[in-house]
Peer 1: 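So that we are looking at the same thing, I have put the structure below in structure tokens.
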Amino acid sequence: MGAVKIWNAMDVAEEARDNPSLSSDIQSSSLTVDHSLSLPHMKPRIIELCKDLFKKWSELDDSRFSIETVSGGITNLLLKASVKEESGNDVSMTVRLYGPNTEYVINRERELQAIKYLSAAGFGAKLLGVFGNGMVQSFINARTLVESDMRKPKLAAEIARQLRKFHEVEIPGSKEPQLWNDISKFFEKASVLEFDDSEKQRMHKMISFKEIHDEIVELKELTGLLNAPVVFAHNDLLCGNLMVNDEEEKLYLIDFEYGSYNYRGFDIGNHFNEYAGYDCDYSLYPSKDEQYHFFRHYLQPDNPLEQVPDKDLEALYVESNTYMLASHLYWALWGIIQEKMSPIDFDYLGYFFLRYNEYKRQKERSFLLARSYLSGSGTR
């Protein structure tokens, strides 16, 4: 498995280097860094990686490098590597280590393919290098948002504007929406897992995968009637993947590992679900007024004060609040796989139940909304 992943990473780097319209200085290394090491033990390995990727630093003394943890998400570890060059310049980069076994839920080749074009379009950090189990990007001087930031009107408007521009980026290759393919893959993996831990195995046995399968079929059929536009979607727009430089009032969308062509309403509905945070407090899900504020800035990013046609707002409201259900199914199934594969201390099985129970709680209202809209009687 490892050799395939490294080849993919290096292949993408070579392709980027040969493409004059993209950054020509993406370096590659076959080194890997053990995700489980403590920072003091990881530091020499990161320094070795930096020297291997960036030959101009290969002779520098190790004392010129400093490594610190930026954040540990529930799939990745982010590190800040700083180098004091001979010239006196200080250079900082972000080293992102992929979580162990994340290839079960993330298509790394798809991510690396997209990141070049997103970076060229001004999204996220600049890709500088790829290695066996991660990537090196330029360092973004900004803070990560917290859940409460996302509902601030000014920031919500800026997220909407940036997301619209993100959705307009053209990524070469198939434009087929990946939502149901991904959910199907997650379902196949999640339904056959077995756990060594007897309590986890008992909880897994309690899950009715036949019921989930029927829900997937029914929801796929309903959403198919909405004819939602297909865009290149982020698919994971939670607060941890949004950064802001408060002084410059500049917002950054980061971390495109789940990015793919997908339905517009899924990306937005998924973002609204993330107002609830990892604790899944769905009382924080945005109200219709808050959603319409977001939609106006999404639909008319350059002139949101101009009247947006009601039919466009209504279509996006129905789309987002129907695909919101698909987001619950997607991350619920993801949670089961992560419980088996991830070494990170997080109650992923509990997360499955929180997401799936919320799906069931919201289903009737969302289905009614979509069917009423499709029959021509509108959302009111």
Side-chain angles (χ1 to χ4, degrees), residues 5 9 27 29 31-54 57 60-85 89-103 105-106 108 111-112 115 119 123-150 236-247 250-258 274 277-279 338 341-348 351:
K5 280 192 294 172
Q27 305 302 312
S29 166
L31 291 178
T32 58
V33 180
D34 184 350
H35 193 282
S36 66
L37 292 173
S38 66
L39 189 61
H41 288 100
M42 197 181 280
K43 185 176 175 179
R45 191 69 174 159
I46 297 285
I47 293 171
E48 183 190 358
L49 172 69
C50 290
K51 289 181 174 185
D52 190 49
L53 277 171
F54 308 105
W57 296 334
L60 287 182
D61 190 83
D62 286 4
S63 63
R64 288 180 170 272
F65 293 80
S66 66
I67 312 295
E68 59 188 281
T69 304
V70 177
S71 73
I74 58 172
T75 45
N76 288 315
L77 180 63
L78 291 183
L79 302 162
K80 180 184 180 183
S82 302
V83 188
K84 191 173 276 297
E85 296 183 319
N89 278 353
D90 283 316
V91 180
S92 293
M93 302 165 299
T94 301
V95 179
R96 179 149 70 94
L97 297 182
Y98 303 146
N101 301 322
T102 49
E103 68 273 12
V105 289
I106 292 165
R108 293 294 176 195
E111 177 194 11
L112 286 163
I115 207 168
S119 181
F123 286 100
K126 188 180 177 198
L127 181 62
L128 303 174
V130 290
F131 58 98
N133 64 331
M135 62 175 68
V136 179
Q137 293 170 289
S138 59
F139 184 75
I140 294 176
N141 183 26
R143 69 174 178 88
T144 304
L145 266 58
V146 294
E147 280 90 355
S148 58
D149 284 322
M150 295 198 296
D236 191 24
L237 209 56
L238 72 170
C239 61
N241 289 335
L242 292 159
M243 299 182 80
V244 66
N245 181 314
D246 292 307
E247 288 73 40
K250 183 162 171 53
L251 181 85
Y252 298 88
L253 274 60
I254 64 163
D255 200 346
F256 313 128
E257 28 181 32
Y258 291 94
E274 294 298 350
Y278 289 132
D279 294 335
Q338 290 292 87
M341 302 299 173
S342 177
I344 293 164
D345 182 21
F346 184 81
D347 182 10
Y348 291 105
Y351 189 70

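In this chain, numbering begins with 1 at the start of the sequence shown.
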Peer 1: Are the side chain of Arg64 and the backbone of Lys84 linked by a donor-acceptor contact shorter than 3.5 Å?
Peer 2: yes
Peer 1: Yes or no on side chain to side chain contact (heavy atoms under 4.5 Å, CB included) for Gln338 and Ile344, after CA distance, side-chain angles and deciding distance?
Peer 2: CA-CA 9 Å; Gln338 290 292 87; Ile344 293 164; over 6 Å; no
Peer 1: Heavy-atom distance under 4.5 Å between the side chains of Pro44 and Asp62, does that happen here?
Peer 2: no
Peer 1: Give, for atom CD1 of Ile254 and atom CD1 of Ile140, the distance between the pair rounded to the nearest 0.5 Å.
Peer 2: 6.0 Å
Peer 1: Check this for me, if you would: do Arg45 and Glu48 make a salt bridge, where the nitrogen-to-carboxylate-oxygen distance has to be below 4.0 angstrom?
Peer 2: yes
Peer 1: Between atom CG of Leu97 and atom CZ of Phe131, what is the distance when rounded to the nearest 0.5 Å?
Peer 2: 5.0 Å
Peer 1: Taking Asn133 for its side chain and Val33 for its backbone only, find out whether a donor-acceptor pair lies under 3.5 Å.
Peer 2: yes
Peer 1: Would you please name every residue forming a salt bridge (charged side-chain N to carboxylate O under 4.0 Å, His left out) with Lys43, sequence neighbours left out?
Peer 2: none
Peer 1: Looking at every heavy atom in both Ser119 and Ala125, which two are closest together, and how far apart are they?
Peer 2: OG-O, 3.7 Å
Peer 1: State, to 0.1 Å, how close Phe65 and Cys50 come at their nearest heavy-atom pair, and which atoms those are.
Peer 2: CE2-CB, 3.9 Å
Peer 1: To the nearest 0.5 angstrom, please state how far the NE2 atom of His41 sits from the CD1 atom of Ile46.
Peer 2: 14.0 Å
Peer 1: Taking Arg143 first and then Asp246, would you say they form a salt bridge - that is, a charged N and a carboxylate O separated by under 4.0 Å?
Peer 2: yes
Peer 1: Please name the pair of heavy atoms, one in Trp57 and one in Met93, separated by the smallest distance, quoted to 0.1 Å.
Peer 2: CZ3-CE, 3.6 Å
Peer 1: Backbone N or O of Leu238 within a donor-acceptor pair of the Asn241 side chain at under 3.5 Å?
Peer 2: no
Peer 1: Can you confirm whether more than 12 heavy atoms, excluding those of Asp347, are under 6.0 Å from its CG atom?
Peer 2: yes
Peer 1: State the OH-SG distance between Tyr278 and Cys239, to the nearest 0.5 angstrom.
Peer 2: 7.0 Å
Peer 1: Any donor and acceptor pair, going by atom type alone, linking the side chain of Ser138 with main-chain N or O of Lys126 inside 3.5 Å?
Peer 2: yes
Peer 1: Taking all atoms of both residues into account, what is the closest heavy-atom pair of Leu253 and Leu242, and its distance?
Peer 2: CD1-CD2, 3.8 Å
Peer 1: Minimum heavy-atom separation for Glu274 to Glu147, with atom names?
Peer 2: O-CG, 4.0 Å
Peer 1: Quick one: pull up OG1 in Thr144 and CE in Met243 and give me the separation to the nearest 0.5 Å.
Peer 2: 4.0 Å
Peer 1: Side chains of Val83 and Phe54: closer than 4.5 Å at any heavy-atom pair?
Peer 2: no
Peer 1: Can you see which heavy atom on Ala142 is nearest to which on Asn245, and at what distance?
Peer 2: CB-N, 3.7 Å
Peer 1: So how far is it from Leu53 CG to Leu128 CG, rounded to the nearest 0.5 Å?
Peer 2: 9.0 Å
